[in-house]
Amino acid sequence: MDFVSIHTWITTLVRKAMPELPDVEVFRQHAEKHAMNKTIRGVAYNDAGKLLKSPEQTISRALKGQKFTRSSRTGKHMFLKTGEDRWLAMHFGMTGYLKYWKDTDKRPDFSKVIIGFEEGSNLSFVSKRKLGEMKITDDPEDYRRENGLGMDALDIPFSEFRKSLEDKRGSIKNVLMDQSRVSGIGNIYSDEILFQEKWHPKQRFEKLDEEALRSLHKTIHRVLKTAINRDARPSDLPANYLLPNREEGKKCPACEGKISKIKINGRGVYFCPDCQKL
DNA sequence: AGTACCACCTGACGGC
DNA sequence: TGCCGTCAGGTGGTAC
């Protein structure tokens, strides 16, 4: 193994916190497993800056002395209930994640907000950059409406899927990532879905027929579910998936071709030009 | 309406 | 070793 391969291998291993739907679902499960029904002693803020969309005081007041009693998620947004009509809403931007920890030497770097429980453990909102958000809302459903979020990509039945996209036009890549129609799919997983469906990213969405739409809907569900079952670690996805090989020039897992990279709206898009023809 | 591009932020990495 | 340019999975706004 040469140096470049070793380097790629290491970055693949340590790469984490890719907050699209599967990642946020794993954060939610992590919170559900560790952080529920424990009395909150207080909240500490560390360079949280513009992450906070509610004042520190509002967040602290909503959490202190309370317990998280429920969790929910829509797309890439997650919610923890702290009281009657009080929910902590979180979005993780490009680098955020949640981490439950006990010993001080386990505190993650870049813990922007630390929720401390009376028993001595903590839940960190970790983010290297300040692109995510945290706020208090009285109802996740209102929050969803206010933010113009479409139905969750994992929950949406086919009839709703078809309806919410019926007048939609443009590249299939952009359509999949439009959070106002179907929420939760980002740049990474849209690449995987298109690879599985063998659509070129620039395929016009409006050209898809009923059968193609049905297949797309099924594949969205399958890909997201598979990722969640593997803790949203791209390197653990099945061998016939694109994501473990999402790198320019790498061998396509389905044919003898090589993976290409193009730009769409300034985002890096990876696909196999032999499998995914326009 | 769809697309391109910039801005928001800041760490990580490659090249020199 | 260090400086500098480039890039990154998020969203939102603007201009065409």
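When reading the values below, keep in mind they use all heavy atoms of this one structure, side chains included, and skip hydrogens, waters and symmetry mates. Being a predicted model, the structure only gives us computed values, none of them experimental. Residue numbering restarts at 1 for every chain, and letters A, B, ... go by the order of the sequence lines.
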Runs of at least three consecutive Watson-Crick or G-U pairs, both distances under 3.5 Å, are what I'm after; which ones involve DNA chain C?
B:2-8 with C:10-16, B:10-16 with C:2-8
Candidate nucleotides B:dG2, C:dG9, C:dA8, ranked by approach to the side chain of A:Pro234 - the nearest
C:dG9
Any base atoms under 4.0 Å from A:Glu133, or only sugar-phosphate, or nothing? Heavy atoms, all strands.
nothing
Taking CD from A:Glu247 and C1' from B:dC13, how many angstroms apart are they, rounded to a whole number?
13 Å
Quick check for you: among B:dC8, B:dG2, C:dA8, whose closest atom lies nearest to any side-chain atom of A:Arg169?
B:dG2
A:Phe79: which other cluster members, linking ILVMFWY side chains closer than 4.5 Å, directly or transitively?
A:Trp87, A:Tyr143
Can you check whether A:Lys76 has a side-chain N or O nearer than 4.0 Å to OP1 or OP2 of C:dT11?
yes
Are A:Lys261 and C:dA8 close enough that a side-chain N or O sits under 4.0 Å from OP1 or OP2?
yes
To the nearest Å, how far apart are A:Tyr97 OH and B:dG11 C1'?
13 Å
How many Å lie between CG on A:Asn265 and P on B:dA4, as a whole number?
5 Å
Within the distance-only criterion (no hydrogens, no angle test), does the side chain of A:Glu20 pair as donor or acceptor with the backbone N or O of A:Gly186 below 3.5 angstrom?
yes
Residue of the set A:Arg246, A:Gln276, A:Gln196 for which side-chain hydrogen bond (donor to acceptor under 3.5 Å, both in side chains) holds with A:Asp191
A:Arg246
Rounded to whole Å, the CE-P distance (A:Met94 to B:dC9) equals 14 Å
Verify same cluster id: A:Val175, A:Leu224 (apolar side-chain graph, 4.5 Å):
yes
Say you pick atom P in C:dC4 and the same atom in B:dC9; how far apart are they, in whole Å?
22 Å
Please tell me if the side chains of A:Tyr189 and A:Leu21 come closer than 4.5 Å, counting only heavy atoms from C-beta onward.
no
Below the 4.0 Å mark, does C:dA8 have OP1 or OP2 next to a side-chain nitrogen or oxygen of A:Lys128?
no
How long is the line joining CD1 of A:Ile264 and P of B:dA4, in whole Å?
8 Å
Going through the distances and angles, do A:Asn147 and A:Thr74 end up as a side chain to side chain contact (heavy atoms under 4.5 Å, CB included)?
CA-CA 11 Å; A:Asn147 286 272; A:Thr74 298; over 6 Å; no
Say you pick atom P in C:dT6 and the same atom in B:dC5; how far apart are they, in whole Å?
16 Å
Test side-chain hydrogen bond (donor to acceptor under 3.5 Å, both in side chains) applied to A:Tyr100 and A:His30, A:His34, A:Lys38, A:Lys33, the passing residue:
A:Lys38
What's the closest nucleotide to the A:Lys168 side chain, out of C:dA8, B:dG2, B:dC8?
B:dG2
With respect to the phosphate group of B:dT10, does any side-chain polar atom (N or O) of A:Lys130 fall under 4.0 Å of OP1 or OP2?
yes
What nucleotide, of C:dG9, B:dT3, B:dC8, holds the atom closest to the side chain of A:Ser171?
B:dT3
When the distance from CG of A:Asn147 to C1' of C:dG12 is rounded to whole Å, what number comes out?
12 Å
Listed in order of residue number, which residues of residues 181-207 of chain A have a non-hydrogen atom at under 4.0 Å from DNA chain C?
A:Gly186, A:Asn187, A:Ile188
Atom-pair distance (CZ on A:Phe110; C1' on B:dG11), nearest Å:
6 Å
Any carboxylate oxygen within less than 4.0 angstrom of a Lys/Arg side-chain nitrogen, looking at A:Lys128 and A:Asp109?
no
I need the CG-C1' distance between A:Asp178 and B:dG2, as an integer number of Å.
11 Å
Would you call A:Lys163 and A:Glu166 a salt bridge, taking side-chain N to carboxylate O under 4.0 Å as the test?
no
Report the residue from A:Ile264, A:Ile262, A:Ile193 that forms a side-chain contact (heavy atoms from CB on, under 4.5 Å) with A:Lys173.
A:Ile264
